[in-house]
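All chains are named by letter (A, B, ...) in the order of the sequence lines, taking the proteins before the strands, and each is independently numbered beginning at 1. Remember, predicted model here, so these are calculated numbers, not experimental data.
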Number of protein chains: 2
Amino acid sequence: MPGIDCSVCAVRDSAACASLRPDERAALARLGHHRVYERGETVFAAGDPQDVCATLTQGLLKVSHHDEQGHERILSLVHPSGFVGELFSPLIRHDVIALARSTVCVFAWADYEAAIEQHPALARALLRRAAEDLYTARAQIALDGRRSAAARVAGLLLSLSHAASPSPCHGAVQFDLPVNRGELATLLGLTIETVSRQFGRLERDGLLRRHGTRGVELLDTARLEQLAA
Amino acid sequence: MPGIDCSVCAVRDSAACASLRPDERAALARLGHHRVYERGETVFAAGDPQDVCATLTQGLLKVSHHDEQGHERILSLVHPSGFVGELFSPLIRHDVIALARSTVCVFAWADYEAAIEQHPALARALLRRAAEDLYTARAQIALDGRRSAAARVAGLLLSLSHAASPSPCHGAVQFDLPVNRGELATLLGLTIETVSRQFGRLERDGLLRRHGTRGVELLDTARLEQLAA
DNA sequence: CGTATGGTTGAGGTAATTCAACCTGTGTGG
DNA sequence: CCACACAGGTTGAATTACCTCAACCATACG
């Protein structure tokens, strides 16, 4: 059942397609369709031909890489209004997997590409998004190199706190981690045990309070930022 | 002395502006100018207002981040035909510094932005480049996490070998490293000593031969790739 | 009640860092 | 021409931090 009703879309003002005029968007919407993925389901698999792309409207996705030994590394989290899909490569390069029940707005790449050609504003919106993703990826690189486990965990907590907050300028004080310990570990390039120990340490040092396994409350963001430096 | 002669430009077929028609490009060229930076000179500094952007025509740049302790992390190398400049942020986010004598083709961001608006092909070319940069950054993240020093050094050698080769499909066997040991270290998130030891080990194991401090000859790319896995 | 999944905690091993000394080539000044 | 300083690079010994392996705990679910 193709066709999408944008008027009820949660990300209608923030996704790339928000750059289109209502009638232009409506025309694009007729070419797309919604799809729901349960936690753990694969949205795109590395190596597949690149023939679709999508905007995430609800939920959470991960972009991840599996090395030859089967170890996974999460390269990026995709939040609602994020765009997924290879832009110019014939093959999908990384797996995209749902971390929570997620709804995506899917388009055939050919249709989307035509829309990009036809609507320069859409190309610019995607460019803006790609630039933002690039910045995020580089922030991750900066977080990774020569940094202690404590710094990485602190940095990730702060970034998740911002992602969990509705406001762009300050992060949420109390929120639920969107992922389990194992996923935190592959996101940080650490082991589950190390992450767990760091959480214990942060709680013991009074920077953090845990509410169950997923809930966290940041008690001293200043010191967290100092740690993450 | 503004104005650039694109007909003698080394990257006229590969840079983003190659997507423009000759007359369109000529119009853009009249708004830009060349600038040469010596090794160590800063092209853009983090925190500066974002008012210019540039295409690298010759040489090598690094994009790097300095943390509070002054430790540097190289986030990316920029090779000729690469584009540098913040696309949509009012502030420059990372330092851009010349690693070798470099020539860049500089534009006021306002002029370039106008060109993007006017020429959709330019926006698409930049989008393509941003997507490529994003992929490179994510490859770096994949290389970083939970990987041994040997794997990182091997991975970097292979990637530098490809960058040094004129052909896109296979890397150079013998080439000069574009950076010194310290820069290799900050590129990899390791210490100078560790990088040095890894080079020694690779040579001892017959994967590599060193010619002076910068020259390297890859003797067994298959095993290097295996190491980097 | 038993099992599975996710999480925490502990002991021991290992790889990279730190600190330090030493080497090598280059340029400078006596 | 030699002495010297200096920067970049290598090598060694000791330390540290994370990983590995293993046991144990908590919660959810059939």
Whole angstrom value for the distance that separates [atom2] of [N] from [atom1] of [X]:
X         : N       : atom1 : atom2 : value
Ile192(B) : dT18(C) : CD1   : C1'   : 13 Å
Leu227(A) : dA17(D) : CG    : C1'   : 15 Å
Glu203(A) : dT9(C)  : CD    : P     : 9 Å
His211(A) : dT27(D) : NE2   : P     : 15 Å
Gln198(A) : dG10(C) : CD    : P     : 15 Å
Leu177(A) : dT8(C)  : CG    : C1'   : 15 Å
Arg147(B) : dA16(C) : CZ    : C1'   : 17 Å
Leu190(B) : dT10(D) : CG    : C1'   : 16 Å

**Prompt:** Around atom CZ of Arg209(A), are there more than 12 heavy atoms of other residues, nucleotides or ligands at under 6.0 Å?
**Reply:** no

Choosing from [options], which nucleotide comes nearest the side chain of [X]?
X         : options                   : answer
Asn180(B) : dG9(D), dT20(D), dT8(C)   : dG9(D)
Arg210(B) : dT18(C), dC18(D), dT10(D) : dT10(D)
Glu193(B) : dG7(C), dG9(D), dG12(D)   : dG12(D)
Thr213(A) : dG9(D), dA16(C), dG7(C)   : dG7(C)

**Request:** Map Gly182(B) and Arg197(B) onto DNA chain D by nearest heavy atom, then report which one ends up closer to the 5' terminus.
**Result:** Gly182(B)

**Prompt:** Name the one of His94(B), Lys62(B), Gln140(B) that satisfies side-chain contact (heavy atoms from CB on, under 4.5 Å) with Ile74(B)?
**Reply:**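 Single side-chain contact (heavy atoms from CB on, under 4.5 Å) partner of Ile74(B) among His94(B), Lys62(B), Gln140(B): Lys62(B).
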
**Asked** Is there a donor and acceptor pair closer than 3.5 Å between the side chain of Arg39(A) and the base of dT5(C)?
**Response** no

**Message:** Taking donor-acceptor contacts at under 3.5 Å, does the side chain of Arg181(B) reach the base of dT24(C)?
**Reply:** no

**Request:** Look at all strands and tell whether Thr194(B) reaches a base, only sugar-phosphate, or nothing, counting heavy atoms closer than 4.0 Å.
**Result:**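 The answer is base, as Thr194(B) lies within the cut-off (heavy atoms under 4.0 Å) of a base atom.
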
**Asked** Is the shortest side-chain N/O distance from Ser196(A) to OP1 or OP2 of dG7(C) below 4.0 Å?
**Response**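 No, no such contact exists.
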
**Prompt:** Can Glu86(B) and Arg128(A) be counted as an ion pair, charged N to O under 4.0 angstrom?
**Reply:** no

**Complete:** CG of Leu75(B) to CG of Asp133(B), rounded to nearest 0.5 Å, is 12.0 Å

**Asked** What are the two closest non-hydrogen atoms of Val78(B) and Leu60(B), and how far apart are they?
**Response**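 So the two residues come closest at O-CD1, 3.4 Å.
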
